[in-house]
Asks: 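Please find one structure pasted underneath; my questions will follow.
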Amino acid sequence: MTGFRDFIFNYQPKDGITNPVDYPYMIIARYLMTFISMWPKKSVVYHSKRAELRARIWLWVQKFYHLLLCATAFFGGVLYITLHKKSMTFYELGHLYISLLMMACTFSRITTLCFNDEYRVVAKDFVTKIHLFFYKNRSDYSMQTHKKVHMISHVFTLYLSGQMMLGLFLFNVTPMYNNYSAGKYKSGGLKNSTYEHSLYFSWPFNASTDMRGYIISNILHWMLSYTCSSWFCVIDFFLSLMVFHVWGHFKILLHDLDHFPRPLNKISAVIEDSSITITNEMYSKNEMEQVFDTLNKCIDYHREIVSFTDKMSEVFGPMLFAYYGFHQASGCLLLLECSQMTVAALVRYLPLTIILFQQLIQMSIIFELVGSVSDKLKDAVYGLPWEAMDTKNRKTVAFFLMNVQEPVHVKALGLADVGVTSMAAILKTSMSYFAFLRSM
C-alpha cells in the first residue's frame with residue numbers, strides 16, 4: 001500500500017532512475033498507449049527472420065484491429081440512423097451524431113498516426129532524446145526545470161486518467177441506471193419500450209428487447225467506449241507531455257541567454273571638466289573563444305528544439321486539424337443536448353461536454369505556452385552583450401537574432417496555429433451554431 005501511495009502521490013523524480021520511462025507518469029503513459037498500439041517501442045534485435053516477421057505481423061494485426069473496429073462502428077451507426085431516423089427525436093439524433101463524430105475523429109487519428117512511421121520516429125525521439133531527463137545535469141536551473149516539468153507531467157497524468165475513467169463510467173452507467181430505474185431488467189419490464197443504450201448500432205441480433213442481445217451489446221459498447229476514449233484522451237495526453245518538455249527546453253534556453261557571461265575586463269574613464277563616466281566593456285581574446293562556443297551551443301540547442309517542434313507539426317498537424325473540425329461540429333450538438341435541462345440529459349451529457357470543451361481549452365493553452373515562451377527569445381538574444389564582442393561573434397548573434405524573430409507554434413495541417421486564438425474562434429462559432437439550432 002505504501003509503494004502504491006508513493007507511486008501515485010510522490011511528485012518528485014526519484015534518484016537512481018536511469019531511464020525516463022521508469023518514472024511513474026511514463027509507466028502509466030506506456031500502459032495506456034500500448035493498448036492502442038501507439039507506444040514507441042525500442043528497436044529489438046530478433047534472433048531470426050521468422051521472429052521478426054511474427055512481430056511485424058502482430059503489429060499490423062493490432063493496427064488493422066483498431067481500424068476495422070472504428071470503421072465497423074461508424075458504418076453500424078450510420079446504418080442505424082438510416083433505418084430509424086423517422087422514429088427518433090431531434091435530441092436522440094443529436095446523440096447519435098455526436099457518437100459518429102467521435103468515431104470519425106478516432107478514425108482520423110488511427111489513419112494519420114497509427115499507420116504513420118514518422119509518428120514512431122517523433123515519439124521515440126521524445127522518449128530517448130528530448131525528454132528533460134537527458135538535460136537535467138546541464139546546470140542547476142536545468143535540474144530545477146526538470147523537477148518542475150516532472151511534477152506538472154505527473155499531476156497532469158493522474159488528472160487526465162481519472163477524468164477519462166469518470167467520463168467513460170458516467171457515459172455507460174447512465175443508460176444502465178435508467179433501464180434499472182424504469183424496471184426494464186425485471187421480468188415483463190419491457191412493455192411497449194426498448195432498452196436504452198449508450199451507443200446505438202444495427203447489430204445482427206436483437207439488442208433492443210432481448211436480454212441476451214442487450215448484455216452482449218452492452219459489453220461491446222463498454223469496450224468500444226474505452227477504445228474511443230483512449231484514442232481521444234491518451235493521444236492528447238501524450239502530445240501534451242511533449243509540449244510540456246518543449247516548454248521546459250525553451251525555459252532553459254532563455255535562462256542561458258539571460259545569464260550569458262559578461263566581459264571580465266571593464267575600463268572606465270571620466271570626461272575632463274565633467275562628472276560623466278564612460279564605461280567600456282570588451283571581451284578578451286580568450287573570452288571571445290568561450291563566447292563563440294557558448295553562442296554555438298545556444299544556437300544548436302535552439303535548432304534542436306525547433307526541429308523537434310517542426311516534426312511534431314508535420315506528424316500531428318492532420319490530427320489537430322481534424323480535432324478542431326470535430327470540436328467545431330460537436331460543440332453545438334453537446335450544448336444542444338444539455339439544453340434539455342433534464343436530470344438524465346445532464347448526467348449523461350454534461351460530463352462529456354465539460355471533458356471535451358476542457359480538452360480543447362486545455363490543449364490550446366498548453367500549446368500557447370510554447371508560443372509565449374519562444375516569443376521572449378528575440379528580446380533575450382538582443383539583450384546579449386553583443387557590443388562587447390568582435391565582428392565574428394556579432395555576426396553570429398545577428399544570425400541567431402534573425403532565427404528567433406518568429407514565435408514557435410505547432411500548426412494544424414500547416415494552416416492555423418494551435419493556441420488560444422483558434423480555440424476562441426471555435427468556441428464562438430459553436431455558441432452561434434447552438435443558438436441557431438436552439439431556435440429551430
Side-chain angles (χ1 to χ4, degrees), residues 25 28-29 32-33 36 94-95 97-99 101-106 108-109 149 151-174 198 225-244 247 316 319-341 345-372 410 412 416-435:
Y25 73 89
I28 296 174
L32 291 175
M33 297 193 68
I36 54 176
H95 171 80
Y97 286 139
I98 291 171
S99 300
L101 286 171
M102 295 184 72
M103 292 296 173
C105 188
T106 301
S108 71
R109 297 186 173 207
V149 172
M151 183 187 70
I152 294 173
S153 301
H154 188 92
V155 173
F156 183 77
T157 300
L158 298 179
Y159 165 71
L160 199 65
S161 301
Q163 185 187 65
M164 183 183 78
M165 295 303 175
L166 177 62
L168 177 68
F169 177 81
L170 291 176
F171 186 76
N172 287 277
V173 168
T174 300
S198 58
S225 298
Y226 180 76
T227 302
C228 186
S229 60
S230 295
W231 277 103
F232 259 81
C233 297
V234 176
I235 294 297
D236 290 353
F237 150 66
F238 191 63
L239 181 57
S240 298
L241 287 185
M242 292 184 183
V243 176
F244 287 147
W247 174 80
F316 291 98
M319 182 211 82
L320 292 170
F321 182 79
Y323 192 46
Y324 271 173
F326 162 77
H327 279 289
Q328 188 76 82
S330 66
C332 57
L333 292 176
L334 286 168
L335 291 173
L336 188 65
E337 294 291 350
C338 292
S339 67
Q340 300 176 68
M341 297 305 292
L346 291 177
V347 171
R348 188 170 191 177
Y349 296 109
L350 186 59
L352 181 62
T353 304
I354 293 174
I355 289 173
L356 289 179
F357 273 101
Q358 176 263 331
Q359 277 193 294
L360 172 64
I361 297 171
Q362 160 194 294
M363 177 163 286
S364 300
I365 292 176
I366 289 173
F367 276 94
E368 192 67 29
L369 289 175
V370 174
S372 62
V410 175
D417 294 337
V418 181
V420 295
T421 303
S422 300
M423 173 203 72
I426 290 174
L427 292 177
K428 182 179 178 181
T429 307
S430 296
M431 293 294 181
S432 301
Y433 288 164
F434 162 68

Asks: Can you measure from CG (Leu360) to OH (Tyr324) and round to the nearest 0.5 angstrom?
Replies: 6.0 Å
Asks: Hey, could you give me the CZ/CD1 distance between Arg109 and Ile36, rounded to the nearest 0.5 Å?
Replies: 9.0 Å
Asks: Can you sort out the partners of Ile365 under side chain to side chain contact (heavy atoms under 4.5 Å, CB included), two or more places apart, ordered by chain and number?
Replies: Ile361, Val420
Asks: Could you walk me through whether Thr227 and Trp231 satisfy the side-chain contact (heavy atoms from CB on, under 4.5 Å) test, starting with their C-alpha distance in whole Å, then the side-chain angles of each, then the deciding distance to 0.1 Å, before giving a yes or no?
Replies: CA-CA 6 Å; Thr227 302; Trp231 277 103; 3.9 Å; yes
Asks: Partners of Trp247 by ring-ring contact (aromatic ring centres under 6.0 Å, His included), sequence neighbours excluded?
Replies: none
Asks: With sequence neighbours left out, what residues match Ser108 under side-chain hydrogen bond (donor to acceptor under 3.5 Å, both in side chains)?
Replies: none
Asks: Kindly indicate whether the side chain of Phe316, heavy atoms from C-beta on, has any atom under 4.5 Å from the side chain of Val410.
Replies: no
Asks: Quick one: pull up CE in Met363 and CD in Gln358 and give me the separation to the nearest 0.5 Å.
Replies: 10.0 Å
Asks: Mind checking the CZ-OG1 spacing from Phe169 to Thr174? Nearest 0.5 Å is all I need.
Replies: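 If I round to the nearest 0.5 Å, the distance is 8.0 Å.
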Asks: For the pair Phe156 and Tyr159, name the ring-plane relationship: parallel under 30°, tilted 30 to 60°, perpendicular over 60°.
Replies: tilted
Asks: Can you list everything that forms a side chain to side chain contact (heavy atoms under 4.5 Å, CB included) with Phe321? Sequence neighbours excluded, please.
Replies: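 Result, side chain to side chain contact (heavy atoms under 4.5 Å, CB included) vs Phe321: Ala412, Leu413, Leu415.
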Asks: In Å, rounded to the nearest 0.5 Å, how long is the span from OG of Ser330 to CG of Leu101?
Replies: 6.0 Å
Asks: Taking the side chain as C-beta and beyond, is there a heavy-atom pair between Met165 and Tyr226 under 4.5 Å?
Replies: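 Contact flag for Met165/Tyr226 side chains = yes.
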Asks: Check side chain to side chain contact (heavy atoms under 4.5 Å, CB included) between Thr429 and all other residues, then give those that pass, not counting sequence neighbours.
Replies: Gln328, Tyr433
Asks: So which heavy atom on Phe357 is nearest to which on Gly331, and how close?
Replies: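 That closest heavy-atom pairing would be CZ-CA, 3.7 Å.
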Asks: Output the distance between atom CZ (Phe171) and atom OG (Ser229), rounded to the nearest 0.5 Å.
Replies: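 The OG atom of Ser229 is 10.0 Å from CZ of Phe171, to the nearest 0.5 Å.
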Asks: Looking at residues at least two apart in the chain, or sitting in another chain, which of them share a side chain to side chain contact (heavy atoms under 4.5 Å, CB included) with Ser161?
Replies: Ile28, Leu32, Thr157
Asks: Taking all atoms of both residues into account, what is the closest heavy-atom pair of Phe237 and Tyr25, and its distance?
Replies: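 Closest pair (atom of Phe237, atom of Tyr25, distance): CZ-O, 4.3 Å.
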Asks: Would you say Ser372's side chain and Glu368's backbone share a donor-acceptor pair under 3.5 angstrom?
Replies: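 Checking the backbone N and O of Glu368 against the side chain of Ser372, a donor-acceptor pair under 3.5 Å is found.
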